[in-house]
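As structure tokens, the structure follows; a few thoughts come after it.
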Number of protein chains: 2
Amino acid sequence: MVFDPQDNIFMLAGPVKIHPRVLKAMNTPSIAHRGPEFTEVNRELRELTQYLFQTKNDVAILSGSGTAGMDAAMANLLDKSEKALTINNGKFGERMGQLAKIYGENIELKYPWGSPPDLGEIEEILSKEDIKVLALTHNETSTGLTNPLPEIAKLAHKYGAILVVDGITSVGGIDVPVDKLGIDVCITGSQKCIAAPAGLALLSVSKKALEAMHDKKTYYLNLKKHVEKLRDGQTPYTPAVHLHLALLEALRMLKEEGLENRIKRTASIAEACRAAVDALNLELLPDRKYASNTVTAIKYPEGISDKDIRGRLKSEYGIVIAGSQAPHKGEFFRIGHMGLVQFRELLATIACLEVVLAKAGWKFEKGAGVAAVEEYM
Amino acid sequence: MVFDPQDNIFMLAGPVKIHPRVLKAMNTPSIAHRGPEFTEVNRELRELTQYLFQTKNDVAILSGSGTAGMDAAMANLLDKSEKALTINNGKFGERMGQLAKIYGENIELKYPWGSPPDLGEIEEILSKEDIKVLALTHNETSTGLTNPLPEIAKLAHKYGAILVVDGITSVGGIDVPVDKLGIDVCITGSQKCIAAPAGLALLSVSKKALEAMHDKKTYYLNLKKHVEKLRDGQTPYTPAVHLHLALLEALRMLKEEGLENRIKRTASIAEACRAAVDALNLELLPDRKYASNTVTAIKYPEGISDKDIRGRLKSEYGIVIAGSQAPHKGEFFRIGHMGLVQFRELLATIACLEVVLAKAGWKFEKGAGVAAVEEYM
């Protein structure tokens, strides 16, 4: 079989499957980005983004990837005389630290991929150092681990640090109640749990964060300007108009399903996926207690290669899953199950996984993975 | 008539009319942004972008607006100890200066909207000051004026300054031979002469510019990283996948027409538009010698308001044109005629303009504007 990029089961950890309704929303002629029609689009987007973040805070939508959102948060909040504390237990936590180092001074707490941070160490640094910004990746896409956000949020508040949360693969799939947790800046991306095309970063920004931002340090990524303009349904620069239209449709679909329902459905599919991992005698990468509900990372057993599994899933069966990133390339694979992914797609993925595992010589009871998933349906 | 955002004649100065072929390219399921299929897309995009810029230099494609491209150029090239010279004779030249001021020291030469810069003054500053970057907006969209790029380029080279050109509404519509003119960084946007949706910035970057860039100053807008990744058909961060697909189709269409042909066609439509302006006893905003071929800016005669003309064109006849921006709001209007705009659309626009001008009491010979356009067909 030749892989067909137009017709397959798409289980990446983002971008994710996009609904035809969302694609259709982009099939529209140019509209004036300063006209009343588009202002109305942005007004509705603003409300739906607040719904998504469970917040009354201001929000912003930047034309750029999730990383643009992380960059905007750190660039505006930090200057060279100010300190951040970041947690690196994966590729995206590491990125948060790299950003903090560019714009300010950074203290990084580093843990192995798949391990949670030590809350005692976080508190120790917060108590000893003058930390302006505590920044973390909530759901570490690179390792399938969800960091203990409520506990870390409490520590940030106890010591008065501004809390910046990369919720790129959690918001809309895992509960991230921004106001309840007191998150000052929360960032997500259009192509993850929202299931829109890639290219937009969504942010919620608290009053405290707005007041702590530096003026005249950034231009395109000036978060304050984005926030202020969106209050009037505007953007400071020409936005990616067609992506706004797609995002609107995707957020409407999320609201129709209900945020709570989507989070529950995502959790249920994730539990089923983990049950299948057990049934196939495979092992999760992260500490099980912290296993993510939006992406499951699974270790390759010794002697079984990425090519055997991920390669054949794609080329022979049209199933797209994610590999692992440097410096752990080839050590594990990841199944994304956020957004609009349904049980039917997980079932097909697990069934095909059984086939390629068996072909690679792995021992398990055929059908056991699928049977484990069925228990959750 | 109620204005129909799906069905109208769209004559903004960007975003512009998008061809159904380009819209169709976005109607595709998610594809893996690190997979071989998308790498191939980026490789072809790289070649077509070099064709567009008439360059053998490296190029980059950033997910963000044209302003993101301008920001990336200035942020990477300047630090606080370095000087830029910018030319402000409109909103976008002013923006170049604002960017230079954020990242470095800036000397700004300011001229009235619609007036060209004084080459003698530019040379004087270049000869007296240690200017690292000379940055200008080639085609000033806000005023319909094209700055004398070849002459300014010569001055930059004479004094060894790095030449940064905002070609956002010129590249692909006005001749901008990057290698021939020795432009170090040239920036354009997807939604202008290329006629793709908004949301991507395209840049060409010379070896000299790459070597003059500062490391570790930027992250999302790190131009060097974007350039290096694109050499291998990659992007440093998740790109706006669907916009890449649309851009590819739009650049293929441009290549099919031929860059030279498109530039000629654009010039011919622009000349016809200016002839219509004369025939209707109206006046161009810019000095005629510098009138732009991609956007025509026309002064409102005394007593005739933006609402009379632009408002009625939209609400009564479904013709979308641009107004003027602060601080000259309401003083003139602009007709965009770049990308895929054809004579048929210009004719409809000029004819409707005749109707609303007459209704507003302006004196001219009815049919004269349209007749003037016909002479160029």
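Per chain, numbering begins at 1; letters A, B, ... match sequence-line order. What's counted below: heavy atoms across the whole structure, side chains too, no hydrogens, waters or symmetry copies.
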Note to self: What part of A:Phe38 gets within 4.5 angstrom of chain B, counting heavy atoms only: side chain, backbone, both, or neither?
What the structure shows: neither
Check: Side chain, backbone, both or neither: which part of A:Ile31 has an atom under 4.5 Å from a heavy atom of chain B?
Finding: both
Check: Going by atom types alone, do B:Asp71 and B:Tyr103 pair a side-chain donor with an acceptor below 3.5 Å?
Finding: yes
Checklist line | Structural part of B:Val16 lying under 4.5 Å from a heavy atom of chain A | finding: backbone
Check: In terms of heavy-atom proximity below 4.5 Å to chain B, should A:Phe10 be classed as side chain, backbone, both, or neither?
Finding: side chain
Checklist line | Contact leader toward chain A among B:Val241, B:Leu12, B:Leu99, where contacts are heavy-atom pairs under 4.5 Å | finding: B:Leu99
Check: Near B:Lys217 NZ, under 6.0 Å, is it more than 12 heavy atoms from other residues, nucleotides or ligands?
Finding: yes
Margin query: Between A:Val320, A:Asn27, A:Leu62, A:Thr28, who has the most heavy-atom pairs with chain B when the cutoff is under 4.5 Å?
Written below: A:Thr28
Next item on the list: Please determine, among B:Ile18, B:Asn8, B:Leu200, B:Val22, the option with the most heavy-atom pairs under 4.5 Å with chain A.
Entry: B:Ile18
Item checked: Part of A:Gln6 lying under 4.5 Å from any heavy atom of chain B -> both
Next item on the list: Measure distances from A:Thr218 to the heavy atoms of chain B and classify the residue's part below 4.5 Å as side chain, backbone, both or neither.
Entry: backbone
Margin query: Between A:Arg95 and chain B, with a heavy-atom cut-off of 4.5 Å, which part of the residue counts as in contact: side chain, backbone, both or neither?
Written below: both
Note to self: As a quick check of understanding, evaluate side-chain contact (heavy atoms from CB on, under 4.5 Å) for A:Asn222 and A:Lys216, giving each step before the final call.
What the structure shows: CA-CA 8 Å; A:Asn222 187 322; A:Lys216 294 181 184 167; over 6 Å; no
Margin query: If we count only N and O atoms by modelled type, under 3.5 Å, do the side chains of B:Asn42 and B:His244 hold a donor and an acceptor together?
Written below: yes
Margin query: I want to check a possible cation-pi pair here: B:Lys225 against B:Tyr219, using under 6.0 Å from ring centre and within 45° of the ring axis as the test.
Written below: yes
Check: Between the side chain of B:Ser65 and the main-chain N/O of B:Thr67, is any donor-acceptor distance below 3.5 Å?
Finding: yes
Note to self: Report which part of B:Pro239 has an atom under 4.5 Å of a heavy atom belonging to chain A: side chain, backbone, both, or neither.
What the structure shows: backbone
Item checked: Partners passing ring pair (Phe, Tyr, Trp, His ring centres under 6.0 Å) against A:Phe333 (at least two apart in sequence or in another chain) -> A:Tyr300
Check: Is it true that the side chains of B:Ser170 and B:Asn139 contain a donor and an acceptor less than 3.5 Å apart?
Finding: no
Checklist line | Leading residue by heavy atom contact count with chain A [cutoff under 4.5 Å; candidates B:Gly14, B:Ser30, B:Ser63, B:Ala240] | finding: B:Ser30
Item checked: Proximity breakdown for B:Lys101 and chain A, heavy-atom pairs closer than 4.5 Å -> neither
Check: Which one of A:Met26, A:Arg34, A:Lys17 has the most heavy-atom pairs closer than 4.5 Å to chain B?
Finding: A:Met26
Next item on the list: Measure from NZ or CZ of A:Lys314 to the centre of the six-membered ring of A:Phe3 and say whether it is under 6.0 Å with the direction within 45° of the ring axis.
Entry: yes
